[in-house]
There are 2 protein chains.
Amino acid sequence: MRNLVSCCPIEEVMQILSGRWPTLLIYYLQQGTKRFNDLRRDNPTISHKMLAFELRKLEHAGIVLRTEFESYPLRVEYALTPAGKRLVPLIDALGDWWEATDGNAGEQDGNAADIVDFGQSEHV
Amino acid sequence: MRNLVSCCPIEEVMQILSGRWPTLLIYYLQQGTKRFNDLRRDNPTISHKMLAFELRKLEHAGIVLRTEFESYPLRVEYALTPAGKRLVPLIDALGDWWEATDGNAGEQDGNAADIVDFGQSEHV
DNA sequence: CGGTATCCTCGGAGATACTG
DNA sequence: CAGTATCTCCGAGGATACCG
(Lines give C-alpha, C1' and ligand atoms only; values in the text may rest on other atoms or scores of the structure.)
Protein backbone atom coordinates (compact mmCIF):
# COMPACT_ATOMS: atom_id res chain seq x y z
CA MET A 1 0.00 0.00 0.00
CA ARG A 2 0.95 3.54 0.58
CA ASN A 3 2.54 3.88 -2.80
CA LEU A 4 1.41 7.45 -2.96
CA VAL A 5 2.63 10.18 -0.76
CA SER A 6 0.80 9.12 2.32
CA CYS A 7 -0.06 12.20 4.15
CA CYS A 8 0.61 11.46 7.77
CA PRO A 9 3.97 9.70 7.71
CA ILE A 10 5.39 12.36 5.47
CA GLU A 11 4.30 15.06 7.82
CA GLU A 12 6.12 13.29 10.59
CA VAL A 13 9.26 12.78 8.56
CA MET A 14 9.31 16.40 7.58
CA GLN A 15 9.03 17.42 11.19
CA ILE A 16 12.35 15.72 11.70
CA LEU A 17 14.14 16.58 8.48
CA SER A 18 12.84 20.09 8.01
CA GLY A 19 15.23 22.89 8.56
CA ARG A 20 18.76 23.63 7.69
CA TRP A 21 20.60 21.18 9.90
CA PRO A 22 19.16 17.68 10.04
CA THR A 23 20.20 16.61 6.56
CA LEU A 24 23.59 18.22 6.96
CA LEU A 25 24.19 16.42 10.23
CA ILE A 26 23.15 13.15 8.68
CA TYR A 27 25.56 13.85 5.89
CA TYR A 28 28.47 14.37 8.22
CA LEU A 29 27.57 11.45 10.42
CA GLN A 30 27.39 9.28 7.39
CA GLN A 31 31.13 9.86 7.09
CA GLY A 32 31.57 8.03 10.34
CA THR A 33 31.27 8.40 14.08
CA LYS A 34 31.70 11.93 15.31
CA ARG A 35 31.89 13.73 18.60
CA PHE A 36 29.97 16.83 19.52
CA ASN A 37 32.74 19.23 18.71
CA ASP A 38 33.64 17.37 15.55
CA LEU A 39 30.19 18.23 14.31
CA ARG A 40 30.63 21.81 15.35
CA ARG A 41 33.80 21.97 13.34
CA ASP A 42 32.09 20.33 10.38
CA ASN A 43 29.49 22.98 10.61
CA PRO A 44 30.88 26.14 12.09
CA THR A 45 27.72 28.18 11.75
CA ILE A 46 25.45 26.04 13.88
CA SER A 47 25.13 27.25 17.42
CA HIS A 48 26.03 25.12 20.39
CA LYS A 49 22.44 25.05 21.51
CA MET A 50 21.01 24.16 18.12
CA LEU A 51 23.47 21.34 17.62
CA ALA A 52 22.49 19.80 20.93
CA PHE A 53 18.85 20.23 20.09
CA GLU A 54 19.05 18.79 16.59
CA LEU A 55 21.08 15.84 17.78
CA ARG A 56 18.53 15.01 20.43
CA LYS A 57 15.80 15.26 17.83
CA LEU A 58 17.60 12.86 15.51
CA GLU A 59 18.35 10.58 18.41
CA HIS A 60 14.71 10.41 19.43
CA ALA A 61 13.74 9.76 15.83
CA GLY A 62 15.96 6.71 15.85
CA ILE A 63 18.28 8.16 13.24
CA VAL A 64 21.26 8.88 15.44
CA LEU A 65 22.81 6.81 18.17
CA ARG A 66 24.35 8.65 21.08
CA THR A 67 27.00 6.93 23.13
CA GLU A 68 28.40 8.40 26.30
CA PHE A 69 31.72 7.36 27.76
CA GLU A 70 32.55 7.68 31.39
CA SER A 71 35.88 9.27 30.82
CA TYR A 72 36.97 12.65 31.89
CA PRO A 73 36.58 15.00 30.25
CA LEU A 74 33.20 13.70 29.26
CA ARG A 75 33.11 12.08 25.88
CA VAL A 76 30.12 11.42 23.67
CA GLU A 77 30.01 9.88 20.24
CA TYR A 78 27.33 10.16 17.62
CA ALA A 79 26.73 7.75 14.78
CA LEU A 80 23.94 6.83 12.42
CA THR A 81 21.72 3.97 13.48
CA PRO A 82 20.82 1.30 10.92
CA ALA A 83 17.61 3.21 10.23
CA GLY A 84 19.65 6.35 9.79
CA LYS A 85 21.87 4.60 7.29
CA ARG A 86 18.84 3.42 5.39
CA LEU A 87 17.70 7.01 5.23
CA VAL A 88 20.86 8.24 3.57
CA PRO A 89 20.15 6.98 0.04
CA LEU A 90 16.67 8.46 0.17
CA ILE A 91 18.03 11.88 1.01
CA ASP A 92 20.64 11.35 -1.61
CA ALA A 93 17.93 10.65 -4.17
CA LEU A 94 16.45 14.05 -3.46
CA GLY A 95 19.79 15.63 -4.16
CA ASP A 96 20.07 13.74 -7.43
CA TRP A 97 16.56 14.73 -8.36
CA TRP A 98 17.39 18.33 -7.74
CA GLU A 99 20.53 18.26 -9.77
CA ALA A 100 18.64 16.62 -12.61
CA THR A 101 15.84 19.17 -12.73
CA ASP A 102 18.29 21.92 -12.10
CA GLY A 103 20.31 20.75 -15.05
CA ASN A 104 17.37 20.77 -17.43
CA ALA A 105 15.93 23.98 -16.20
CA GLY A 106 13.44 25.02 -18.79
CA GLU A 107 12.22 21.56 -19.52
CA GLN A 108 8.77 22.55 -18.39
CA ASP A 109 7.80 25.15 -20.89
CA GLY A 110 10.47 27.65 -20.51
CA ASN A 111 9.09 29.67 -17.71
CA ALA A 112 9.72 27.55 -14.71
CA ALA A 113 12.64 25.91 -13.07
CA ASP A 114 14.95 28.79 -12.88
CA ILE A 115 17.44 28.50 -10.17
CA VAL A 116 15.89 29.04 -6.87
CA ASP A 117 17.42 31.92 -5.15
CA PHE A 118 16.33 31.78 -1.59
CA GLY A 119 18.73 32.23 1.19
CA GLN A 120 22.34 31.55 1.24
CA SER A 121 23.60 28.20 0.34
CA GLU A 122 26.86 27.48 1.84
CA HIS A 123 29.21 25.00 0.45
CA VAL A 124 31.22 22.71 2.52
CA MET B 1 29.53 11.42 -8.31
CA ARG B 2 27.14 12.24 -5.70
CA ASN B 3 26.20 8.80 -4.53
CA LEU B 4 26.43 10.01 -1.02
CA VAL B 5 24.33 12.73 0.38
CA SER B 6 25.85 15.49 -1.61
CA CYS B 7 25.84 18.44 0.59
CA CYS B 8 24.99 21.36 -1.60
CA PRO B 9 22.06 20.05 -3.65
CA ILE B 10 20.47 18.68 -0.53
CA GLU B 11 20.66 21.98 1.17
CA GLU B 12 18.88 23.53 -1.76
CA VAL B 13 16.22 20.86 -1.88
CA MET B 14 15.57 21.24 1.81
CA GLN B 15 15.13 24.95 1.40
CA ILE B 16 12.20 24.12 -0.80
CA LEU B 17 10.74 21.13 0.98
CA SER B 18 11.36 22.17 4.56
CA GLY B 19 8.39 23.15 6.59
CA ARG B 20 4.93 21.91 7.10
CA TRP B 21 3.37 22.74 3.75
CA PRO B 22 5.45 21.92 0.71
CA THR B 23 5.12 18.17 0.90
CA LEU B 24 1.46 18.42 1.77
CA LEU B 25 0.78 20.66 -1.19
CA ILE B 26 2.66 18.30 -3.46
CA TYR B 27 0.57 15.50 -2.10
CA TYR B 28 -2.69 17.24 -2.87
CA LEU B 29 -1.54 18.42 -6.27
CA GLN B 30 -0.52 14.93 -7.08
CA GLN B 31 -4.23 14.10 -6.95
CA GLY B 32 -4.71 16.36 -9.93
CA THR B 33 -5.00 19.98 -10.95
CA LYS B 34 -6.31 22.27 -8.26
CA ARG B 35 -7.30 25.86 -7.89
CA PHE B 36 -6.15 28.16 -5.15
CA ASN B 37 -9.21 27.72 -3.01
CA ASP B 38 -9.30 23.99 -3.64
CA LEU B 39 -5.95 23.83 -1.91
CA ARG B 40 -7.23 25.95 0.93
CA ARG B 41 -10.07 23.54 1.39
CA ASP B 42 -7.70 20.60 1.24
CA ASN B 43 -5.72 22.26 3.93
CA PRO B 44 -7.90 24.43 6.10
CA THR B 45 -5.20 25.46 8.51
CA ILE B 46 -2.85 27.10 6.05
CA SER B 47 -3.21 30.83 5.87
CA HIS B 48 -4.04 32.63 2.69
CA LYS B 49 -0.68 34.32 2.71
CA MET B 50 1.31 31.18 3.34
CA LEU B 51 -0.47 29.28 0.61
CA ALA B 52 0.35 31.99 -1.91
CA PHE B 53 3.93 32.06 -0.72
CA GLU B 54 4.49 28.32 -0.74
CA LEU B 55 2.92 27.98 -4.17
CA ARG B 56 5.21 30.61 -5.59
CA LYS B 57 8.16 28.88 -4.02
CA LEU B 58 7.19 25.55 -5.57
CA GLU B 59 6.53 27.25 -8.87
CA HIS B 60 9.96 28.86 -8.91
CA ALA B 61 11.50 25.54 -8.00
CA GLY B 62 9.95 24.01 -11.10
CA ILE B 63 7.75 21.69 -9.09
CA VAL B 64 4.43 23.35 -9.67
CA LEU B 65 2.98 24.81 -12.83
CA ARG B 66 0.72 27.83 -12.49
CA THR B 67 -1.81 28.54 -15.21
CA GLU B 68 -3.87 31.69 -15.26
CA PHE B 69 -7.10 31.98 -17.22
CA GLU B 70 -8.48 35.25 -18.42
CA SER B 71 -11.96 34.60 -17.19
CA TYR B 72 -13.81 36.59 -14.67
CA PRO B 73 -13.70 36.00 -11.81
CA LEU B 74 -10.02 35.32 -12.16
CA ARG B 75 -9.14 31.67 -12.34
CA VAL B 76 -5.80 30.02 -11.70
CA GLU B 77 -4.91 26.37 -11.79
CA TYR B 78 -2.00 24.60 -10.17
CA ALA B 79 -0.56 21.28 -11.21
CA LEU B 80 2.65 19.34 -10.76
CA THR B 81 5.24 19.74 -13.46
CA PRO B 82 6.98 16.63 -14.80
CA ALA B 83 9.79 17.31 -12.36
CA GLY B 84 7.23 17.60 -9.60
CA LYS B 85 5.76 14.27 -10.56
CA ARG B 86 9.19 12.70 -10.49
CA LEU B 87 9.62 14.06 -7.00
CA VAL B 88 6.53 12.33 -5.66
CA PRO B 89 7.95 8.82 -5.37
CA LEU B 90 11.01 10.17 -3.58
CA ILE B 91 8.89 11.87 -0.98
CA ASP B 92 6.83 8.75 -0.82
CA ALA B 93 9.94 6.71 -0.10
CA LEU B 94 10.60 8.87 2.94
CA GLY B 95 7.13 8.10 4.20
CA ASP B 96 7.70 4.41 3.69
CA TRP B 97 11.03 4.62 5.43
CA TRP B 98 9.41 6.30 8.37
CA GLU B 99 6.63 3.78 8.67
CA ALA B 100 9.20 1.03 8.59
CA THR B 101 11.35 2.45 11.36
CA ASP B 102 8.33 3.66 13.21
CA GLY B 103 6.99 0.15 13.34
CA ASN B 104 10.07 -1.00 15.19
CA ALA B 105 10.28 2.10 17.27
CA GLY B 106 12.77 1.49 19.99
CA GLU B 107 14.77 -0.89 17.88
CA GLN B 108 17.73 1.37 18.17
CA ASP B 109 17.72 1.58 21.90
CA GLY B 110 18.36 -2.09 22.02
CA ASN B 111 21.55 -2.06 20.06
CA ALA B 112 22.88 0.87 21.96
CA ALA B 113 24.15 -1.96 24.08
CA ASP B 114 26.50 -2.88 21.30
CA ILE B 115 28.83 -0.22 22.38
CA VAL B 116 28.47 -0.74 26.04
CA ASP B 117 32.02 -1.83 26.28
CA PHE B 118 34.14 1.08 25.86
CA GLY B 119 37.50 1.69 24.65
CA GLN B 120 38.58 3.84 27.45
CA SER B 121 41.78 5.31 26.19
CA GLU B 122 41.04 8.80 25.42
CA HIS B 123 42.66 11.99 25.78
CA VAL B 124 40.99 14.48 23.77
C1' DC C 1 -11.31 34.61 -7.39
C1' DG C 2 -6.39 35.02 -6.68
C1' DG C 3 -2.66 37.94 -4.96
C1' DT C 4 -0.33 41.51 -2.41
C1' DA C 5 0.54 44.84 1.35
C1' DT C 6 0.39 46.14 6.27
C1' DC C 7 0.51 45.36 10.80
C1' DC C 8 1.50 42.63 14.88
C1' DT C 9 2.80 38.86 17.76
C1' DC C 10 4.91 34.80 19.34
C1' DG C 11 8.40 31.60 19.45
C1' DG C 12 12.72 30.00 17.07
C1' DA C 13 17.29 30.54 17.60
C1' DG C 14 21.67 33.17 19.00
C1' DA C 15 24.87 34.60 22.90
C1' DT C 16 26.36 33.78 27.26
C1' DA C 17 27.27 31.54 31.40
C1' DC C 18 26.96 27.70 34.44
C1' DT C 19 27.09 22.33 35.75
C1' DG C 20 28.79 17.55 35.68
C1' DC D 1 34.07 18.10 26.70
C1' DA D 2 29.04 17.82 26.48
C1' DG D 3 24.81 19.69 27.89
C1' DT D 4 21.40 22.94 30.02
C1' DA D 5 19.43 27.32 31.49
C1' DT D 6 18.49 32.28 30.91
C1' DC D 7 17.84 36.27 28.44
C1' DT D 8 17.15 38.49 24.34
C1' DC D 9 15.88 39.67 19.73
C1' DC D 10 14.52 39.13 15.06
C1' DG D 11 11.64 37.53 11.64
C1' DA D 12 8.43 33.81 10.09
C1' DG D 13 3.87 33.64 9.76
C1' DG D 14 -1.23 34.88 11.15
C1' DA D 15 -5.13 38.31 10.58
C1' DT D 16 -6.92 41.73 8.00
C1' DA D 17 -7.87 44.66 4.29
C1' DC D 18 -7.49 46.20 -0.21
C1' DC D 19 -6.49 45.60 -5.65
C1' DG D 20 -6.99 43.33 -10.57
Side-chain angles (χ1 to χ4, degrees), chain A residues 11 14-25 28-29 32-61 64-79 111-112 116-122, chain B residues 11 14-25 28-29 32-61 64-79 112 115 118-124:
Chain A
E11 279 193 277
M14 290 314 290
Q15 295 214 359
I16 299 159
L17 298 185
S18 279
R20 187 175 172 188
W21 306 116
T23 52
L24 273 182
L25 294 179
Y28 286 116
L29 285 173
T33 296
K34 304 253 182 172
R35 299 177 59 177
F36 190 87
N37 282 329
D38 291 335
L39 290 167
R40 291 209 74 186
R41 269 182 290 276
D42 285 336
N43 222 309
T45 63
I46 194 173
S47 71
H48 189 94
K49 177 181 160 188
M50 275 305 286
L51 180 55
F53 176 79
E54 295 289 354
L55 284 172
R56 269 195 302 123
K57 197 173 69 172
L58 292 173
E59 185 193 359
H60 290 143
V64 161
L65 179 65
R66 178 184 182 278
T67 311
E68 190 171 333
F69 297 89
E70 283 291 334
S71 64
Y72 190 85
L74 187 57
R75 170 182 178 169
V76 180
E77 289 186 351
Y78 293 93
N111 72 9
V116 181
D117 62 349
F118 317 120
Q120 52 319 16
S121 67
E122 66 185 47
Chain B
E11 278 193 277
M14 291 313 290
Q15 296 218 355
I16 298 159
L17 297 186
S18 278
R20 187 175 171 190
W21 306 116
T23 52
L24 274 182
L25 293 179
Y28 285 116
L29 285 173
T33 296
K34 303 251 185 177
R35 299 176 61 177
F36 190 87
N37 283 327
D38 291 335
L39 290 167
R40 291 210 73 185
R41 268 183 289 276
D42 285 336
N43 223 312
T45 63
I46 194 173
S47 71
H48 189 94
K49 178 179 161 189
M50 276 304 287
L51 179 54
F53 177 79
E54 296 289 353
L55 283 173
R56 268 197 304 123
K57 196 173 70 173
L58 292 174
E59 186 193 358
H60 289 145
V64 161
L65 178 65
R66 179 183 180 279
T67 312
E68 191 171 330
F69 296 88
E70 282 292 335
S71 63
Y72 191 84
L74 188 56
R75 172 183 177 167
V76 178
E77 288 187 351
Y78 293 92
I115 315 193
F118 34 104
Q120 42 313 58
S121 80
E122 46 309 85
H123 330 263
V124 195

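Each chain gets a letter, A, B and so on, in the order its sequence line appears, and its residues count up from 1. Nothing here was measured: the structure is a model prediction, and the numbers come from that model.
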Output all residues satisfying salt bridge (charged side-chain N to carboxylate O under 4.0 Å, His left out) with Arg41(B), sequence neighbours left out; order by chain, then residue number.
Asp38(B)
What residues form a side-chain contact (heavy atoms from CB on, under 4.5 Å) with Glu70(A), not counting sequence neighbours?
none
Whole Å only: how far is the NZ atom of Lys34(A) from the C1' atom of dA2(D)?
17 Å
Roughly how many Å is it from CD in Glu77(A) to P in dG3(D), rounded to a whole number?
12 Å
Using side chain to side chain donor-acceptor pair (under 3.5 Å) as the criterion, list what pairs up with Gln15(A), not counting sequence neighbours.
none
Looking at Arg75(A), I'd like to know whether one of its side-chain N or O atoms comes within less than 4.0 Å of OP1 or OP2 on dA2(D).
no
At under 4.0 Å between heavy atoms, what does Phe69(B) touch on the DNA or RNA strands: base, sugar-phosphate, or nothing?
nothing
The side chain to side chain donor-acceptor pair (under 3.5 Å) partners of Lys34(B) (sequence neighbours excluded) come to Gln31(B), Asp42(B)
List for me each residue that meets side chain to side chain donor-acceptor pair (under 3.5 Å) alongside Asn37(A), sequence neighbours excluded, and say none if there are none.
none
I'd like to check the ring-ring contact (aromatic ring centres under 6.0 Å, His included) partners of Phe36(B); sequence neighbours left out, ordered by chain and number.
His48(B)
Is there a donor-acceptor contact under 3.5 Å from the side chain of Ser18(B) to the main chain of Gly19(A)?
yes
Of all nucleotides in DNA chain C with an atom under 4.0 Å from a non-hydrogen atom of chain A, which is the first and which the last going 5' to 3'?
dA13(C) to dG20(C)
Which whole-number value in Å describes the distance from Glu70(A) CD to dC1(D) P?
18 Å
Could you tell me the separation between the CG atom of Leu39(A) and the C1' atom of dG3(D), rounded to a whole number of Å?
14 Å
Terminal axes of the helix from dC1(C)-dG20(D) to dG20(C)-dC1(D) (five pairs each): angle between them, nearest 10 degrees:
50°
Go along nucleotides 13-20 of chain D 5' to 3' and tag each nucleotide: B for a protein heavy atom under 4.0 Å from its base, S when only backbone or sugar atoms are that close, - otherwise.
BBB----B
Indicate yes or no: at least one non-hydrogen side-chain atom of Leu39(B) is less than 4.5 angstrom from one of Leu55(B).
yes
Side chains of Met14(B) and Met14(A): closer than 4.5 Å at any heavy-atom pair?
yes
Check this for me, if you would: do Glu54(B) and Lys57(B) make a salt bridge, where the nitrogen-to-carboxylate-oxygen distance has to be below 4.0 angstrom?
yes
Any residue meeting salt bridge (charged side-chain N to carboxylate O under 4.0 Å, His left out) with Arg75(B), in chain and number order, not counting sequence neighbours
Glu77(B)
Atom-to-atom span, CZ of Arg66(A) to C1' of dG3(D) - whole angstrom:
8 Å
